[in-house]
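Okay, structure first, notes after.
Everything numeric in this text was worked out from a predicted model, so none of it was measured. All chains are named by letter (A, B, ...) in the order of the sequence lines, taking the proteins before the strands, and each is independently numbered beginning at 1.
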2 protein chains.
Amino acid sequence: MTGADLHVTAAARLRADGQRYTSNRKVLVEVLSGSDRPLTIHEILDRRSEVAQSSAYRNLAVLERAGVVHRVVTHDEFARYELAEELTDHHHHHLVCSECGAVADFSMPEGFEERLDAELEKAARRAGFATEGHRLDLVGRCRNCRDARG
Amino acid sequence: MTGADLHVTAAARLRADGQRYTSNRKVLVEVLSGSDRPLTIHEILDRRSEVAQSSAYRNLAVLERAGVVHRVVTHDEFARYELAEELTDHHHHHLVCSECGAVADFSMPEGFEERLDAELEKAARRAGFATEGHRLDLVGRCRNCRDARG
DNA sequence: ATTTATGCAAATCGTTTGCAAACCT
DNA sequence: AGGTTTGCAAACGATTTGCATAAAT
């Protein structure tokens with residue numbers, strides 16, 4: 001899903017949640033759709049400084065509630081945001097650098113994802129959890145940090 | 001690994017890192033070893049209030065550097081700590097409740113873990129990452145929250 | 001007109017840090 | 001003694017919130 005479709009879908013999801021698709025929210029969706037990895041609030045504001053920081057926080061929360069955006073938590077530092085998977089047709093996971101905190105996307109073979117979902121579903125049932133999704137991150141050291149020292 | 005062994009191993013790891021196994025650190029290890037799920041700093045201090053908050057933070061950082069303790073980040077809220085897996089002989093993942101933030105442990109069949117590791121290793125190689133580990137969380141709603149409403 | 005979104009500045013809260021006293025070896 | 005750990009209180013920084021103004025419907 002790209003370009004106009006994206007905004008149509010985002011607007012529809014917001015409307016379904018009783019929310020408006022304002023210019024600030026559109027900017028946020030645009031910035032995120034232009035990135036191949038989750039962005040921090042700081043990175044978002046660097047790219048489009050016309051949005052006030054507090055509005056960015058507020059609107060990302062609204063967009064998350066409406067299912068347009070997804071909040072990714074990597075380790076201790078600050079949150080990162082990406083478009084919700086249903087809006088990108090791209091189920092993926094994250095590579096997180098344990099040294100610099102950088103995040104990159106990756107995905108795994110379709111068949112393997114299915115097997116993973118099945119296993120998780122079994123575990124959830126055993127524990128009495130209603131599955132909503134999963135989060136799989138690979139933690140390691142990125143190329144930059146490896147080159148930098150050892 | 002339980003009881004005295006745990007402390008022997010913890011002490012060894014700290015020593016290898018040039019650190020002492022002080023009474024505060026021992027308390028932290030004890031509290032974590034007595035729990036079947038990761039604990040927040042607040043929960044730790046509730047159980048053993050003789051440790052100052054700042055010491056808890058400092059010592060958990062030391063213990064993490066030495067590989068005795070592992071910091072788990074669930075969603076936005078605060079960090080949770082658990083003993084490092086090598087000290088518990090118990091590779092596991094987390095069920096995270098999207099409503100109340102509760103965390104429970106679960107594990108998956110051995111063979112599946114191996115397959116998962118292999119897939120992750122492939123992805124890491126492609127992206128130039130040196131694998132250190134992975135993080136797999138199932139996100140859903142726990143039994144309590146499901147019972148509470150819907 | 002009325003409701004909702006915005007931006008600024010101030011408040012919040014988990015976490016970190018400076019420093020002097022207590023502790024080890 | 002010499003270096004480390006501790007606890008307190010103050011500082012930090014990402015995120016949240018109160019409030020008055022500006023859009024949107």
field: Atom-pair distance (CZ on Arg48(A); P on dG7(C)), nearest Å
entry: 13 Å

query: For dG7(C), does OP1 or OP2 lie under 4.0 Å from any side-chain N or O of Asn24(A)?
result: yes

- prompt: Rounded to whole angstrom units, what separation is found between the CD atom of Glu50(B) and the C1' atom of dC8(D)?
  reply: 17 Å

field: Any Arg20(A) side-chain heavy atom under 4.5 Å of Leu14(A) side chain
entry: no

message: Whether Tyr57(B) contacts dT15(C) is assessed here as follows: a side-chain N or O lying under 4.0 Å from the phosphate OP1 or OP2. Is that the case?
response: yes

query: Within less than 4.0 Å of OP1 or OP2 of dA9(C), is there a side-chain N or O belonging to Gln53(A)?
result: no

message: Under 4.0 Å from OP1 or OP2 of dA5(C): is there any side-chain N or O of Arg25(A) that close?
response: yes

- request: Would you mind reading off the distance between Lys26(B) atom NZ and dC23(C) atom P, rounded to a whole angstrom?
  value: 18 Å

- line: Out of dT15(D), dT6(C), dT15(C), minimum distance to the side chain of Arg71(B) belongs to dT15(C)

query: Between Thr9(B) and Val68(B), is any pair of side-chain heavy atoms under 4.5 Å apart?
result: no

query: Among dA24(D), dT4(D), dG7(C), which is the nearest nucleotide to the side chain of Arg20(A)?
result: dA24(D)

message: Nearest to the side chain of Asn59(B), heavy atoms from C-beta on, is which of dG7(C), dT15(D), dT6(D)?
response: dT6(D)

message: Output the rounded distance in Å from CG (Leu14(B)) to P (dT25(C)).
response: 13 Å

Beyond-backbone contact of Arg135(A) with Val96(B), side-chain heavy atoms, under 4.5 angstrom: yes

- request: Mark yes or no for whether Glu43(B), through its side chain, and Thr40(B), through its backbone, hold a donor-acceptor pair below 3.5 Å.
  value: yes

message: Measure CZ/Arg15(A) against P/dA5(C) and give the value in whole Å, please.
response: 14 Å

task: Identify whether any heavy atom of Ser54(B) sits under 4.0 Å from a base atom; if not, whether one sits that close to sugar-phosphate; answer base, sugar-phosphate or nothing.
output: base

message: Looking at Glu119(A) and Arg115(A), is there a salt bridge between them, counting it only when a charged N and a carboxylate O are closer than 4.0 Å?
response: yes

- request: Rounded off to whole Å, could you give me the CG-to-C1' distance for the Asp17(B) and dT5(D) pair?
  value: 16 Å

Nearest-angstrom distance from the residue atom CD of Glu64(B) to C1' of dT15(C): 14 Å

- request: Check the distance between dT16(C)'s C1' and Leu60(B)'s CG and give it to me in whole angstrom.
  value: 14 Å

- request: Output the single nucleotide from dG18(C), dG7(C), dT5(D) whose closest atom is nearest the side chain of Arg58(B).
  value: dG18(C)

